[in-house]
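I have placed the structure first, in the form of structure tokens, so that the comments after it can refer back to it.
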Amino acid sequence: MQAQINQTKNGSYVIGVNGNLVTAFTNVPVSMNEVIYILLPKQKLKAEIIRIRGDEYDAQVFEDTKDIKYGTAIELTNEMLSIELGPGLLGKVLDGLGNPLEELAQKDGYFLQRGSYLPTLKDSDWYFTPVAKAKSILNPADCLGIVKEGIFEHRIMLPFSFQSKYKVIDIISQKNINLSEVIAQVEDLSTGEIHKIYPIQKWPIKTPITCYEKRLLPKKALTTKIRIVDTLFPIAEGGSACIPGPFGSGKTVFQQGVAKYAKADIVIIAACGERAGEVVETLKEFPHLIDPQTNRSLMERTIIICNTSSMPVASREASIYTAITLAEYYRQMCLKVLVLADSTSRWAQAIREMSARLEEIPAQEAYPAYLSSLIANFYERAGCVSLIDTHLGKSEGSVTLLGTVSPAGGNFEEPVTQATLSVVGCFLGLTYARSYAKRFPAIAPLESWSKYLVSLSDSLEQTYFIGFVAMIKKLISYYAQGQMIADQMKVVGLEDISLDEYIHYLKAEFFDAVFLQQDAFNEVDACPSEERVAELLKQVNQIIQHKFLVTNKNQAQDLFLQLVSTFKNMNLSVFCSAEYKSYQDKILSLMHSTNNYTLSESYAL
């Protein structure tokens with residue numbers, strides 16, 4: 001009993017444990033999302049307050065709760081769950097709490113120890129070049145100076161938590177600095193308080209960074225080099241997309257292709273609750289991938305947030321929010337940031353588990369009723385923003401968010417998928433049927449959609465050609481009719497459909513085989529240029545518009561087998577090379593062989 005009284009005098013102690021949920025008593029004020037430490041004899045376990053009820057509160061623990069018992073002391077920090085922001089983040093592999101995993105491995109070995117935490121950024125030297133001057137008047141997020149981080153100019157900014165205008169009292173000159181060094185002193189013009197500024201700052205991960213002039217509507221498509229995405233279902237820079245797909249449908253390979261070839265400055269990958277084998281594969285492959293934009297390691301502009309299914313469930317949520325916070329930080333430097341969250345289903349499952357422990361009323365499939373709100377708040381942190389810096393002028397930055405969903409059995413009607421579809425601008429549905437048929441990427445052309453195809457029509461036609469959007473819509477409609485004929489053939493057989501219907505079906509399959517499908521492991525086909533995609537699309541449209549004079553179905557089948565083979569070989573050849581042109585000549589020959597080669601000038605090869 002005396003132990004309990006001692007704990008009460010210290011402010012807070014444990015009164016109940018349920019899995020990774022701890023209930024505690026406090027006689028001092030606490031805040032939602034405040035970080036606390038549960039004090040064991042040899043360890044301090046990190047936790048976050050998620051519910052407050054009078055003088056009791058519930059906290060989710062980011063570690064195994066073994067040895068926690070009634071009366072265990074708790075240390076209150078009066079700080080939100082935050083991440084360190086500063087130079088040195090690029091190339092890092094972090095866990096959901098911002099701990100650098102490579103340095104943790106050096107400290108504790110390959111098996112991470114409970115209660116072991118390290119700073120996100122280690123103290124290192126950077127060459128600082130001041131931008132602001134003494135007596136300058138600055139706003140929050142204004143640039144004080146620049147350090148070189150890889151190929152980027154990393155801005156050292158006035159802390160985002162500042163509220164008013166600030167006057168620079170003094171700032172260091174151009175020299176090498178370390179992260180623990182004071183680089184400037186500023187005066188709060190509203191209170192007269194003096195603040196010391198360091199190269200790093202902290203920001204709570206569940207609070208969006210809003211130090212910008214205004215949000216902008218997306219006006220340009222993000223080039224991913226994946227044909228079916230860039231043409232049929234484009235994703236906007238600053239937009240959001242949902243990529244649901246069952247296990248084995250190629251989500252990981254798809255994401256790696258996007259990360260490697262997308263025209264983004266920074267790539268942030270959040271491996272949230274994925275199987276350890278997939279995460280290890282990513283960690284092994286990425287350091288060896290060559291960035292086609294810089295011819296250097298892709299890791300130099302990548303951050304990986306790693307939280308596998310074997311790690312504590314509570315930290316899955318933290319990994320998602322850590323990734324989007326890092327993206328907003330680099331967006332403030334006028335960079336284009338791409339976030340790949342894999343998979344948000346694991347995050348939702350962690351929310352469901354915590355909701356059950358809190359004994360909240362369940363909604364559909366036992367998920368909490370506020371699941372849709374949490375998902376919407378997360379995806380709303382993507383977007384394009386207009387930035388104004390006192391010294392560097394006006395510019396723009398963007399965060400593009402691609403979240404994968406792993407619905408059980410590929411069921412797109414389950415709550416996580418449906419809640420995500422209501423807030424994103426693009427839906428790329430991967431299916432078992434296409435993956436089993438070896439049609440990769442396994443994006444279902446008739447189930448997927450993109451709101452950006454219409455809203456970005458001017459930008460798309462400027463990138464490809466005039467009439468691009470109208471052609472895409474016609475091709476999708478033509479493909480849908482071809483699939484209806486395919487379904488009809490399954491019922492009545494090949495003999496009971498007309499020759500014209502069979503040719504329509506073959507043309508639809510041709511469009512799928514040579515344009516929608518793509519070889520992610522071939523260096524040429526994996527990253528075609530916009531010019532090449534535009535020419536291929538026109539050539540495919542020529543084939544579909546062309547009237548082939550074949551006399552029977554066998555002749556039609558043989559002809560299209562040759563066309564598919566020739567086009568696929570052409571896709572694997574270097575653009576405009578002698579080999580590429582030879583395949584074009586062969587295509588012309590195949591079309592002439594029907595003795596009816598009549599095309600308008602606008603579609604000339």
Side-chain angles (χ1 to χ4, degrees), residues 20 46 48 50 60-63 81 83 89 92-101 112 120 205-206 240-247 249 251-256 258-259 266-283 286 302-328 337-355 367-368 371-372 374-382 399-408 414-417 419-420 423-424 428 430:
N20 66 325
K46 198 171 190 176
E48 178 193 16
I50 57 174
Q60 59 179 354
V61 186
F62 299 114
E63 306 283 0
L81 185 61
I83 184 76
L89 288 167
K92 288 273 189 183
V93 179
L94 310 173
D95 68 4
L97 302 177
N99 297 303
L101 291 179
L112 302 182
T120 302
I205 60 175
K206 293 185 178 180
S240 56
C242 169
I243 312 172
F247 301 109
S249 59
K251 294 192 298 295
T252 302
V253 175
F254 177 82
Q255 279 200 326
Q256 288 185 0
V258 172
I266 307 291
V267 178
I268 299 176
I269 300 173
C272 172
E274 284 300 298
R275 295 184 295 274
E278 291 186 8
V279 177
V280 168
E281 181 184 346
T282 300
L283 295 178
F286 261 71
T302 302
I303 305 172
I304 298 177
I305 312 297
C306 176
N307 183 259
T308 66
S309 55
S310 59
M311 292 181 174
V313 173
S315 54
R316 293 183 187 177
E317 183 181 24
S319 65
I320 288 287
Y321 286 110
T322 296
I324 198 69
T325 302
L326 293 175
E328 290 175 333
V337 188
L338 174 63
V339 179
L340 302 172
D342 184 17
S343 112
T344 55
S345 290
R346 309 279 195 257
W347 165 43
Q349 289 165 9
I351 295 171
R352 177 170 62 182
E353 181 175 331
M354 193 55 60
S355 176
Y367 286 103
L371 175 69
S372 297
L374 289 177
I375 290 176
N377 290 338
F378 171 65
Y379 278 94
E380 284 170 2
R381 293 178 69 169
V399 172
T400 306
L401 179 53
L402 275 64
T404 65
V405 183
S406 303
E414 57 91 37
V416 181
T417 304
T420 305
V423 295
V424 298
L428 304 173
L430 282 70

For Tyr379, does its backbone N or O pair with a side-chain atom of Ser240 as donor and acceptor, under 3.5 Å?
no

May I have the step-by-step check of side chain to side chain contact (heavy atoms under 4.5 Å, CB included) for Thr120 and Leu89, ending in yes or no?
CA-CA 8 Å; Thr120 302; Leu89 288 167; 3.7 Å; yes

Would you check, one step at a time, whether the test side chain to side chain contact (heavy atoms under 4.5 Å, CB included) holds for Ile50 with Met354?
CA-CA 10 Å; Ile50 57 174; Met354 193 55 60; 3.5 Å; yes

Please answer whether the main-chain N or O of Ile320 pairs with a side-chain N or O of Glu317 as donor and acceptor at a distance below 3.5 Å.
no

Show the numbers, then the answer: is there a side chain to side chain contact (heavy atoms under 4.5 Å, CB included) between Ile351 and Arg316?
CA-CA 9 Å; Ile351 295 171; Arg316 293 183 187 177; over 6 Å; no

Ser319 side chain vs Gly96 backbone, donor-acceptor pair below 3.5 Å:
no

Ion pair check, Glu48 and Lys206, cut-off under 4.0 Å:
yes

If you define the side chain from C-beta out and look only at heavy atoms, does anything of Ile305 sit under 4.5 Å from Leu326?
yes

Just wondering, do Val258 and Leu340 contact through their side chains at under 4.5 Å, heavy atoms?
yes

Can any side-chain N or O of Thr420 pair as donor or acceptor with the backbone N or O of Val416 at less than 3.5 Å?
yes

Note: Pro244 and Leu428 closest approach over all heavy atoms is CD-O, 3.4 Å

Contact check, side chains of Leu401 and Phe378, non-hydrogen atoms, under 4.5 Å
yes

What one should report as the nearest heavy-atom pair of Leu81 and Phe62 is CD2-CZ, 3.9 Å

Nearest non-hydrogen partners of Tyr321 and Leu374, listed with the distance
OH-CD2, 4.3 Å

Indicate the atoms forming the closest heavy-atom contact of Ile83 with Gly98, along with that distance.
CD1-CA, 3.6 Å

Value rounded to 0.5 Å, distance of OG in Ser249 from CD1 in Ile243
10.0 Å

Got Leu338 and Ile266 here, is their nearest side-chain heavy-atom distance under 4.5 Å?
no

Does Ser343 use its side chain to pair, donor to acceptor, with the backbone of Val405 at less than 3.5 Å?
no

Where do Val399 and Ala327 come nearest, in terms of heavy atoms and distance?
CG2-O, 3.7 Å

For the residue pair Leu112 and Leu101, establish whether any side-chain heavy-atom pair is separated by less than 4.5 Å.
yes

With a 3.5 Å distance limit and no angle check, can you tell me whether Lys92 reaches the backbone of Thr302 through a side-chain donor-acceptor pair?
no

Between Glu328 and Thr325, does any side-chain donor sit less than 3.5 Å from a side-chain acceptor?
no

I would like to know whether Thr400 and Val337 meet side chain to side chain contact (heavy atoms under 4.5 Å, CB included); could you show each step before the answer?
CA-CA 6 Å; Thr400 306; Val337 188; over 6 Å; no

Give me the atom names and distance for the closest heavy-atom approach of Lys251 to Ser406.
CE-OG, 3.6 Å

Is the backbone of Leu97 close enough, under 3.5 Å, to the side chain of Asp95 for a donor and an acceptor to pair up by distance?
yes

